[in-house]
Structure formats: C-alpha cells, structure tokens
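Please read these numbers as outputs of a predicted model, since none were measured by experiment. Protein chains get the first letters and strands the later ones, always in sequence-line order, with residue 1 at the start of each.
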Amino acid sequence: MKYLLVDELKNHIGEEVELKGWVYNTRSSGKISFLLFRDGSGIVQAVLYHPNHNEEIIKRFDELTQETSLVVWGKVREDKRAPSGVELDIIDFKVISASVDYPISPKEHGVDFLQSNRHLWLRSKKQAAIMRVRSDVVFYAREFFNNRKFLCIDAPIFTPSACEGTTTLFEVNYFDEKKVYLSQSGQLYMEAAALAYGKVYCFGPAFRAEKSKTRRHLTEFWQIEPEVAFFNIDDDMELAEDLVIYLVEKILERRQEDLKTLERDIKPLENVKKPFYRITYEEAIKILNRKGIDIKFGEDFGAPDEAAISLEFDRPVFVHRYPAEIKAFYMKRDEKRQDLALGFDMLAGEGYGETIGGGQREDDYETLLKRIEEHKLPVDNFKWYLDLRKYGSVPHAGFGLGIERFVQWVTKTQHIREVIPFARTLDRTEP
RNA sequence: UCCUCGGUAGCUCAGUCGGUAGAGCGAGUGGCUGUUAACCACCAGGUCGGGGGUUCGAGUCCCUCCCGGGGAGCCA
C-alpha cells in the first residue's frame with residue numbers, strides 16, 4: 001500500500017493507503033469506533049465498523065490511548081460529514097509505541113501548564129496551524145527577496161557592541177578573554193553588504209535583554225532585514241508594502257484551512273492591498289489627540305497609541321518622519337525638516353502595532369560621526385561602519401520585519417509566545 | 001524595574017463568618033450503530049506553592065520567600 005500524508009488523502013479517494021502517525025483522540029459508540037489520527041500534515045477520522053472486523057482488532061482498538069504512535073492501513077472514502085471531506089475505513093493498524101497518561105487532554109488548560117508542556121502542546125491542532133503559517137511566512141519571505149535578486153547575507157550573532165546603542169544586550173564570555181554580545185539586529189552588517197552587493201537581506205535571530213513583560217515581547221525572536229543601496233525612504237516603504245502583500249496573499253492561498261482552525265476572520269487580510277496608508281508622525285499625533293489621547297510632539301508612541309492609530313485604518317499604515325531625538329543615531333534627517341528622521345514604522349492593523357521598522361540611513365561621514373558622538377557611543381567600535389561612508393557612500397535604506405509580530409497578526413494570536421516554537425520570555429527559558 | 005492578579009485532585013476551578021476537602025473534565029470500569037471537546041452510569045484520586053506566626057482549631061487571618069498570569073516602560 002502507498003504511504004501517504006493526511007493532507008494528500010483527498011486526491012486518493014477509493015484507494016487503499018498506509019498512514020503513519022499518532023492517536024489524536026478516540027471515540028466509540030457501540031458497534032462503531034472512531035480514531036482521530038494525526039500525522040503532522042493534518043487530522044483525519046478513521047472508522048472501525050465492528051461488524052466488518054474480528055474481535056481481536058476491536059480489542060486492540062479499545063486499548064489505544066491519546067498520542068500512541070501507530071501505522072494505519074485503510075481505504076480512503078469521501079464523506080460530507082467530515083470537516084476535511086475525507087475519512088478512512090480502517091483495514092488494520094499496528095501500534096509502534098504506546099503513550100501512557102498523556103498530560104494534555106482535549107479540554108481547556110491554563111497558559112502556565114501549556115507553556116511548561118510546550119514540547120507536547122505543539123502537537124495540538126491550533127499550534128500546528130500556527131506553525132504551518134509561520135513556516136510559510138519564512139519560506140515566502142525568502143522567495144520574495146530571491147525573486148527580486150536580493151542576496152541572502154547572514155549577519156553575525158556574536159557582536160562587539162550594541163547596534164543601536166540604547167538597548168540592553170545579552171553578554172557572553174568569549175574564551176574568558178573578552179565580552180561579546182548577542183546580536184539584536186543585523187542591520188549594520190546589512191549596510192556593509194548593501195554597499196557590496198546592492199540588494200541584500202538577512203534572516204536570523206535577535207536577542208534583547210530588556211525586561212519587557214508583555215504579550216508582544218520575546219527575549220529571542222526572528223527577523224528578516226533587507227537593505228538596499230540607492231533606496232530612499234519611499235522606495236523602502238514600497239518594498240515593505242510589496243513584501244507584506246506577497247506574504248498575506250500566499251498565506252490566504254495556501255493556509256485557508258489553518259486560518260479556519262484558528263478562527264481567524266480573513267476579511268481584514270483580504271483587504272491587504274496596495275496602497276497602504278502613509279501618514280506622518282505629526283498626522284498620527286493629530287489622530288491621537290482627536291481621539292482624546294494626550295500626547296505631544298516629541299513623545300514616542302506606546303503600545304496603546306499604536307493600537308489606536310492602527311484601528312483608524314482598514315489596512316496596514318506607515319507612520320513616517322518621527323522626531324529625530326526619539327529615533328536611532330543612524331537615521332538620516334529630512335532635508336526640509338532637520339528635526340525629523342527619515343524612519344518609518346508599519347502598523348499592521350486591527351490593533352496590532354509595530355510589525356516593521358525601517359528607514360533611510362545617514363550616508364554622510366561627518367554627519368554620522370557627529371551623531372555617534374552625540375549619542376556617546378564608542379567611536380572605535382563604529383570605525384568599520386563609518387568606513388562605509390568613506391569609500392563610495394550612497395543613499396541606502398532598509399527595514400526589519402519581526403517574524404513573530406507578523407505571524408501574530410496574520411493568525412490573530414493573543415500572545416506572541418504561541419507563534420514561536422519554543423518561546424524565550426522574561427520568566428521562561430524552558431523547555 | 002514598577003503596578004496588579006493568582007498558586008486547592010492529572011487538568012480547569014469552587015470553597016460563605018476560621019470548625020477538619022468539593023465539582024466538572026481527564027484516567028479506570030461498564031453501556032450505546034455516525035461520533036466531532038461525543039454521551040450515560042459507576043469508581044479511584046489531596047503535603048490546599050514553601051517556611052514561620054496568631055488561634056482550642058487555618059485552604060481561609062498575619063509575616064516572609066518561591067513560582068506564574070496580565071499590564072506599563074522599551075521595542076520587532
């Protein structure tokens with residue numbers, strides 16, 4: 001018999017097939033027994049109608065427990081009663097390894113318990129749906145950049161100092177000789193790469209030692225960071241817009257069933273089309289003031305402010321040209337408004353806040369040196385970075401997209417810890 | 001770091017005024033010919049987060065420590 005995956009069964013109606021996987025749940029009603037079978041690609045209901053079988057197999061079936069691994073042989077049958085439209089009539093099955101007292105029941109559990117059992121929680125239906133979406137986001141982000149002739153250039157994880165200077169970094173002993181830090185962004189290295197190869201991106205983990213304790217923060221997360229030579233802020237926002245549209249299209253095309261499992265209303269996603277809204281920081285302040293939120297020019301947006309702004313729009317919105325003082329040292333200033341930085345944030349929508357942050361970089365040697373000194377950063381560490389402005393500097397821009405923030409929005413998941421396989425948060429580093 | 005809520009059966013929780021421990025689910029046993037978190041009956045299951053204190057008596061009141069949830073700031 002042909003070995004197939006659950007999600008391939010709909011193309012094999014009437015065939016006798018072999019499946020390998022685990023017991024998701026069992027039910028029985030007198031002369032008929034049901035096995036919810038999962039194999040990682042999906043779940044299918046397998047049926048054992050007692051009059052068609054001998055007592056030996058019925059007895060073996062009764063002994064099946066949640067998450068026992070097994071091989072099942074059966075005949076695929078179309079069935080309108082099944083959620084996926086397909087069922088399997090069991091011919092025979094063989095247990096590979098029994099599962100005793102599986103801790104996660106199909107009933108409700110608390111977050112503490114589920115997080116402690118994350119290694120098992122990943123097996124459940126909603127978590128599997130989220131992981132499939134995440135996997136696609138990563139794959140199609142790479143495809144997007146590949147299609148546009150970007151080079152994938154990996155940035156180092158060990159770095160000599162803070163990229164943006166301000167954030168707290170995780171310190172690592174480097175052979176007891178010196179301290180290095182876990183990277184919080186590959187951006188500076190991408191700037192070097194962009195001046196070498198034009199269009200580049202990196203995809204990797206980032207580490208922040210800030211004691212953030214919210215449903216939007218992880219201490220270890222993943223981001224994709226493109227950087228392009230000869231790009232200005234407008235080119236940059238357009239690239240971000242195209243990427244987001246591409247990813248949302250692919251998820252809608254491939255993951256309808258998973259979004260349904262997650263009870264994600266897809267209407268807002270179907271609305272993710274060109275053009276996204278583009279407003280300035282000052283316009284955003286006005287919107288907030290109009291909504292009765294007390295905020296003045298020069299103050300940065302908090303999470304509730306970002307949510308309030310995003311709820312004003314029916315698709316993602318770019319907020320650009322922030323006050324330079326509240327932005328990073330490397331951001332280029334607006335020629336017409338020296339107090340404004342050519343940076344932007346993309347707020348995803350539906351109350352989800354910053355998902356992308358980026359902008360045009362300072363490309364003038366003297367100006368950048370001045371900024372580094374103003375921010376009291378160790379100039380020695382940035383010598384190589386300044387070199388980029390010394391040898392054929394060009395305007396360039398880039399952005400960072402937080403994979404988890406993005407997946408959290410697309411799947412509309414309450415807490416960010418559910419959209420990464422093994423979350424690292426302030427209070428949890430296990431399992 | 002600050003604010004706030006919580007820790008009782010494997011899980012989710014209730015436990016009144018301080019009077020000696022409860023439910024649902026899950027596990028187990030039995031029943032049921034189409035179940036979708038199946039259902040029905042029976043049944044086992046407890047160091048009430050740790051330590052200290054008040055009291056004749058503490059799950060309940062007080063002190064302290066530990067662990068976790070939600071939020072703020074910071075950010076993706």
Side-chain angles (χ1 to χ4, degrees), chain A residues 24-36 43-52 62-63 65-66 77 79-84 87 89 99-117 120-121 124-126 163-164 166-169 183-187 204-225 240 299-307 326-328 343 345-348 352-358 399-409 414-417 419-420 425-428 430:
Chain A
Y24 195 73
N25 203 359
T26 60
R27 281 186 283 271
S28 71
S29 177
K31 298 282 181 289
I32 189 163
S33 299
F34 302 98
L35 161 67
L36 278 182
I43 292 178
V44 69
Q45 177 162 275
V47 184
L48 189 79
Y49 184 52
H50 298 190
N52 296 343
D62 283 345
E63 285 164 6
T65 53
Q66 213 188 339
R77 173 171 47 75
D79 194 312
K80 290 199 177 74
R81 288 169 293 193
S84 67
E87 282 194 351
D89 285 321
S99 161
V100 183
D101 295 334
Y102 187 69
I104 302 178
S105 70
K107 294 285 175 176
E108 57 183 320
H109 298 284
V111 278
D112 182 30
F113 176 79
L114 289 172
Q115 277 297 122
S116 297
N117 288 283
L120 303 176
W121 186 23
S124 63
K125 218 191 287 185
K126 284 194 177 182
C163 155
E164 303 183 14
T166 48
T167 15
T168 327
L169 301 178
S183 171
Q184 51 149 311
S185 164
Q187 183 205 314
F207 306 88
R208 304 271 165 99
E210 272 152 3
K211 298 205 167 178
S212 302
K213 203 182 159 180
T214 81
R215 70 176 81 154
R216 300 176 309 282
H217 287 87
L218 295 164
T219 53
E220 178 184 312
F221 64 97
W222 290 72
Q223 53 183 358
I224 194 145
E225 296 173 283
E299 293 174 45
D300 206 352
F301 302 133
D305 304 323
E306 287 186 356
I326 59 171
K327 286 291 173 186
D345 287 343
M346 192 199 82
L347 313 181
Y352 287 82
E354 184 180 352
T355 305
I356 290 179
F399 63 83
L401 178 146
I403 296 293
E404 288 79 16
R405 291 256 176 109
F406 187 82
V407 175
Q408 190 184 2
W409 164 60
Q414 258 294 314
H415 202 296
I416 197 164
R417 66 185 160 216
V419 303
I420 186 166
T425 55
L426 182 56
D427 294 313
R428 220 181 252 281
E430 302 220 351

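In terms of the side-chain contact (heavy atoms from CB on, under 4.5 Å) criterion, residue partners of A:His415 (sequence neighbours excluded) are, by chain and number, A:Arg215, A:Arg417.
Below the 3.5 angstrom threshold, one finds a donor paired with an acceptor across the side chain of A:Ser212 and the base of B:rC74. Not a single donor-acceptor pair, N or O on each side, falls under 3.5 Å between the base of B:rG70 and the side chain of A:Gln414. For B:rC11, the base has no donor-acceptor partner in the side chain of A:His109 [N/O atoms by modelled type, under 3.5 angstrom]. Under 3.5 Å, the side chain of A:Arg428 and the base of B:rC67 form no donor-acceptor pair of N or O atoms.
Residue side chain A:Phe34 fails the stacking definition with respect to B:rG34, as its ring centre and the base's six-membered ring centre are not both under 5.5 angstrom apart and under 30 degrees in plane angle.
Phosphate proximity of B:rG71 to A:His217: absent, as no side-chain N or O sits under 4.0 Å from OP1 or OP2. At the phosphate of B:rG70, OP1 or OP2 sits under 4.0 Å from a side-chain N or O atom of A:Arg417. Distances shorter than 4.0 Å separate some side-chain N or O of A:Arg27 from OP1 or OP2 on B:rA38. The side chain of A:Arg216 contributes an N or O atom lying less than 4.0 Å from OP1 or OP2 of B:rA72. Side-chain nitrogen and oxygen atoms of A:Asn117 include none within less than 4.0 Å of the OP1 or OP2 phosphate oxygen of B:rC11.
Rounded to whole Å, the C1' atom of B:rC3 lies 28 Å from the corresponding atom of B:rA14.
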Given the rule that a pair is Watson-Crick or G-U wobble with both distances under 3.5 Å, how would you write RNA chain B in dot-bracket, using | for pairs to a different strand? (((((((..((((.....[..))))..((((.......))))......(((((..]....))))))))))))....
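Mapping A:Ser29 and A:Phe113 onto RNA chain B via the closest heavy atom, the residue that lands nearer the 5' end is A:Phe113.
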